[in-house]
Amino acid sequence: MGAACIIRRSAAESRGQPIPSILSLQSSPIREIVTAMWQPNRLEQERLEKLHGLEALGIEAYPARAARTHSAQQAIVDYTAAEFATPEGADIPAVLVTVCGRIRRANVKGKVSFLHIEDETGRIQLFLRVNDMDEAIYSLVKTKLVDVDDFVQATGTLMRTQAGEISVRVSDFKLLAKSLSPLPVIKQQKLDDGTIVEYGEFSDVEARYRQRYADLAVNREVREVFQKRARVLRALRQFFDEEGFLEVETPVLQPVYGGAAARPFVTHHNQLHQDLYLRISFELYLKRLLVGGLDAVYEIGRDFRNEGVSFKHNTEFTMLEFYKAYIDYTGVMELTERMCAHTCLAVTGSTQVEYLGQTLDFSKPWARYTVREAIRREAEIDYMEYPDAVSLEKAINELGETVPPGQTWGKLVEHLLGKFVEPKLIQPTFIIDYPRDISPFAKRVEYDDVHVERFEFYMAGMEMGNAFTELNDPRDQEQRFLDMARLYRTGDDDETPLDEDYLRAMRYGMPPNGGFGMGIDRLVMLLTNQRTIRDVLLYPHLREEK
RNA sequence: GGCCCCGUAGCUCAACGGCAGAGCAGUUGACUCUUAAUCAAUUGGUUGCAGGUUCAAAUCCUGCCGGGGUCACCA
C-alpha cells in the first residue's frame, strides 16, 4: 500500500504534475485503506487528545533533535565518581547532565514529581520540582500531557534523593516523542540486595513475537538475550580471525543448491529468466575457495530450509561453516572444543553454563563415541549385523519402533541415533563415523566401506553441528552424486543435485581438508538459557497475520 | 499434516449453561523526597470469526482463523 502511494507520487512528480495533496487523497481508494488501518482504542484516543493538547500549546511532539550529554549509566557513574572524590562533609561539585529516554514509571505528586526514564544503558530517576523549573513545563507532567512511554529529555544537576537514589534535579524538560499506544505495564521493585522483582507481565508469545518492539521495550531480559547473541557472534569471529581463518561471503541465491539434505525455497530472476534457490548451506561454495588457494575460510550467514518449524528449527537460521586445509575430522573436533569453550567464556565469563537446570561443561575434552557404539549401547542393537535396509528395518520393528517404509540403510541408522541416542547426549559429545549413504561429501574411513569420517556434536539433547573429513577426490565425488540420485528421487528431502561446477573445481585439485557447520541459534539458546529458538530470533517466522 | 490445549478490558487473569468480573494502567481529585508511592472516586467488553443446540451460550457442538504443545518430518 505504502509502495503504491510512493510510486504514484514519483510518477506525478516526474511528469511535472502537482503532488496529490492529502485532500485529493480523500477521494481515492488509498484513503480508505489508510483510515481502515488504525482504529485507536480508548486509551489511544486519550493519548491522541493529549497530543492535540500539546500541539495547541505550541509544543512539538516529535522534535527532530535531542541534546543528550549522558546515558543513564554514564550519569550515575559520573555522580558516583564525584561523590567518591569529595571529602566527607564537603559539597559535591555540581554535575550537569542532559539525559534522554523513555518514561517507564511516573509518580506525579502535587508540586513535586518523580519519573524514571530508561535508555539502553539503564534507568535513571528524574526529580522534578515546580520551584526548580518553568511552571508551564512542570505542568506538562502535572496535567499528564506527558505519559509513561513517552520519550523525553531532561537537563539538570545530579543529586541523591532523601531515599538515596541518584537522580537528575530537573531544570529543563522536553518531550522527544509522544507515545500514542500504551505499552504493557510492568512495575519494578528493586530489593535491598539489588535484585529486581517485576510485577505485571507481557507474556503472550504470539503478541511478543509479532510485536517484538513492544516485547523489547518492556521486557528487560529479552533485550539482554539479544545483547548476548551479539557477543556470541563477536566471540566466534574473534576466534576464527585469531586462528588465521579468512571470513568470506558466498551467494545466498544459488543456481544449484547443495551441501545439505533439505528442501529449498525457489525464486526467479526475471531478467535472466533463471530459477534460483535460497541456499540451504554454504558448503560447496566454501570448498571451491580451498581450490583457489584460501587455506582456511569461514562464513557466518543465513540458510533457508523449506521445512517444518519447531523449538529448534526456524525457516531461516544462522549458520557457521568453516573449512581448513590439511586437517581431518579429528583436527576439526579439536577446533570445535576450543571454539565452544572460547565462546562460552567470552559470553558468560565461564566455560560452564546453566541450561534448563543442567550444567553444560565446555572445559574438558568432550566424549567421543562412534555411531555404532552409541547405538549398540542405547538401543542394544548392532546395526552391522543387519547389512541391508530390509533386515535392519525388521530389527528396528522388533524393538517396537515404527519407521517410514522404504528408507535407506543409512537413514535407518540415523533414525536409531535420533531416537535412542540424541536425547541422552546432554554434555557436549561427539558422535563419529556415519553411514556413507547419508554423507555424500565425507571421506571413507580406513577400516571399512560403509562408514565415513564424519561427526555430529550434541549438547543438551540437541544436534548442534556436523563435520567431515571432506571428500576431495573428484571421481569419488561424482560417484556419490550419482549414488544419491539413484537412492533418492527428485523432490525427496535427500535429493542431492549434481553440481557440475563443483566437480570442475575439484578436478583442479582440492587440498585435503576438514569442514564444519553449526547452527548458531542453538548455541545462543544454550548460552542464554532459552528453551526455544524463537526466543533467540528477533523476528521468528510466524504465519501471516490476518 | 495427525492428536491435545488455548484465544474474555490496553496487560495478566477469573467467571465453565443463568446479570461478564478482579488486579494493574487509564480518567477525576488530594499530596514539595516518591520508588510496585499512597488515599478517594470513576470509565472501560461484538468473550478470535461464522454457524448450530438451548427458554438462556464466554461456557456445549461444527467449521474457520491465529497461537502453543506433541508426534511425524527436519543429516
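In what follows, every chain begins at residue 1, and chains take the letters A, B, ... in the order their sequences are listed.
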### Summary
Rounded to whole Å, NZ of A:Lys144 lies from P of B:A25 at a distance of 9 Å
### Message
Give me the atom names and distance for the closest heavy-atom approach of A:Val452 to A:Ser439.
### Response
CG2-CB, 3.5 Å
### Under-3.5 Å donor-acceptor pair between A:Ser203 side chain and B:U12 base
no
### Query
What integer distance in Å separates A:Leu183:CG from B:A25:C1'?
12 Å
### Query
For A:Asn314 and A:Tyr539, does a side-chain donor sit closer than 3.5 Å to a side-chain acceptor?
no
### Message
With a 3.5 Å limit on both atom pairs, tell me what B:A57 is paired to, counting Watson-Crick and G-U wobble, or say none.
### Response
none
### Query
In terms of heavy-atom contacts, does CZ of A:Arg531 have more than 12 from other residues, nucleotides or ligands at under 6.0 Å?
no
### Query
A:Arg42 has a side chain; which of B:U32, B:G44, B:G10 sits nearest to it?
B:G44
### A:Lys109 vs B:C39: side-chain N/O to OP1/OP2 distance below 4.0 Å
no
### Query
Any donor-acceptor pair under 3.5 Å joining the side chain of A:Gln125 to the base of B:U34?
yes
### Message
Just the rounded figure in Å: distance from P of B:A37 to NZ of A:Lys190.
### Response
14 Å
### Query
Which part of the nucleic acid, if any, lies within reach of A:Ser113 when heavy atoms closer than 4.0 Å are counted: base, sugar-phosphate only, or nothing?
nothing
### Query
How many Å lie between CZ on A:Phe430 and C1' on B:A75, as a whole number?
17 Å
### Message
Using whole Å, what does the distance between atom C1' of nucleotide B:G66 and atom CZ of A:Arg210 come to?
### Response
7 Å
### Whole-Å distance separating the CD1 atom of A:Ile76 from the P atom of B:U35
18 Å
### Message
Among B:G66, B:A25, B:U32, which nucleotide has an atom closest to any side-chain atom of A:Leu43?
### Response
B:A25
### Message
Using a 4.0 Å heavy-atom cut-off, does A:Glu456 contact any base of the nucleic acid, only the sugar-phosphate backbone, or nothing at all?
### Response
sugar-phosphate
### Task
Taking atom P in both B:U62 and B:A15, compute the distance separating them and give it to the nearest angstrom.
22 Å
### Query
Counting just side-chain N and O atoms, does A:Arg105 come under 4.0 Å of either OP1 or OP2 of B:A37?
yes
### Message
Testing the 3.5 Å rule here: is there a donor-acceptor pair between the side chains of A:Lys443 and A:Asn472?
### Response
yes
### Task
In whole angstrom, give the distance that lies between atom NE2 of A:His415 and atom P of B:C73.
7 Å
### Task
When you get a sec, tell me which of B:U35, B:G66, B:A75 is the closest nucleotide to the side chain of A:Ala163?
B:U35
### Message
At less than 4.0 Å, is any side-chain N or O atom of A:Arg305 found next to OP1 or OP2 of B:A75? Yes or no.
### Response
yes
### Message
Pairing check on B:U38: which nucleotide meets the Watson-Crick or G-U wobble criteria with it, both distances under 3.5 Å?
### Response
B:A30
### Task
Look at the aromatic rings of A:Phe430 and A:Trp366 and report parallel, tilted or perpendicular, splitting at 30° and 60°.
parallel
### Query
Any donor-acceptor pair under 3.5 Å between the side chain of A:Glu46 and the base of B:U27?
no
### Summary
Ranking B:G69, B:U34, B:U12 by distance to the side chain of A:Arg534, first place goes to B:G69
### Pairwise 5' ranking along RNA chain B for A:Tyr199 and A:Gln407, keeping only the more 5' one
A:Tyr199
### Message
I want to check one thing: is the phosphate of B:A37, taken as OP1 and OP2, less than 4.0 Å away from some side-chain N or O of A:Lys187?
### Response
yes
### Task
Could you tell me whether the side chain of A:Asn131 has a donor or acceptor atom within less than 3.5 Å of a complementary atom in the base of B:U32?
yes
### Message
Could you tell me if A:Gln479 and A:Asp483 have a donor-acceptor pair between their side chains, going purely by distance under 3.5 Å?
### Response
yes
## Note on the structure
Checking B:C33, B:A75, B:G26 against the side chain of A:Arg169 (C-beta onward), the nearest is B:C33
### Task
With RNA chain B as reference, determine whether A:Pro182 or A:Arg543 sits nearer its 5' end, using the nearest nucleotide of each.
A:Pro182
### Nearest listed nucleotide, side chain of A:Pro404, among B:A75, B:C73, B:A36
B:C73
### Query
Considering Watson-Crick and G-U wobble pairs with both distances under 3.5 Å, what does B:G7 pair with?
B:C65
### Query
Can you find a heavy atom in the side chain of A:Asp448 that is under 4.5 Å from one in the side chain of A:Met384?
yes
### Task
Rounded to the nearest angstrom, tell me the gap between atom NZ in A:Lys142 and atom P in B:U27.
12 Å
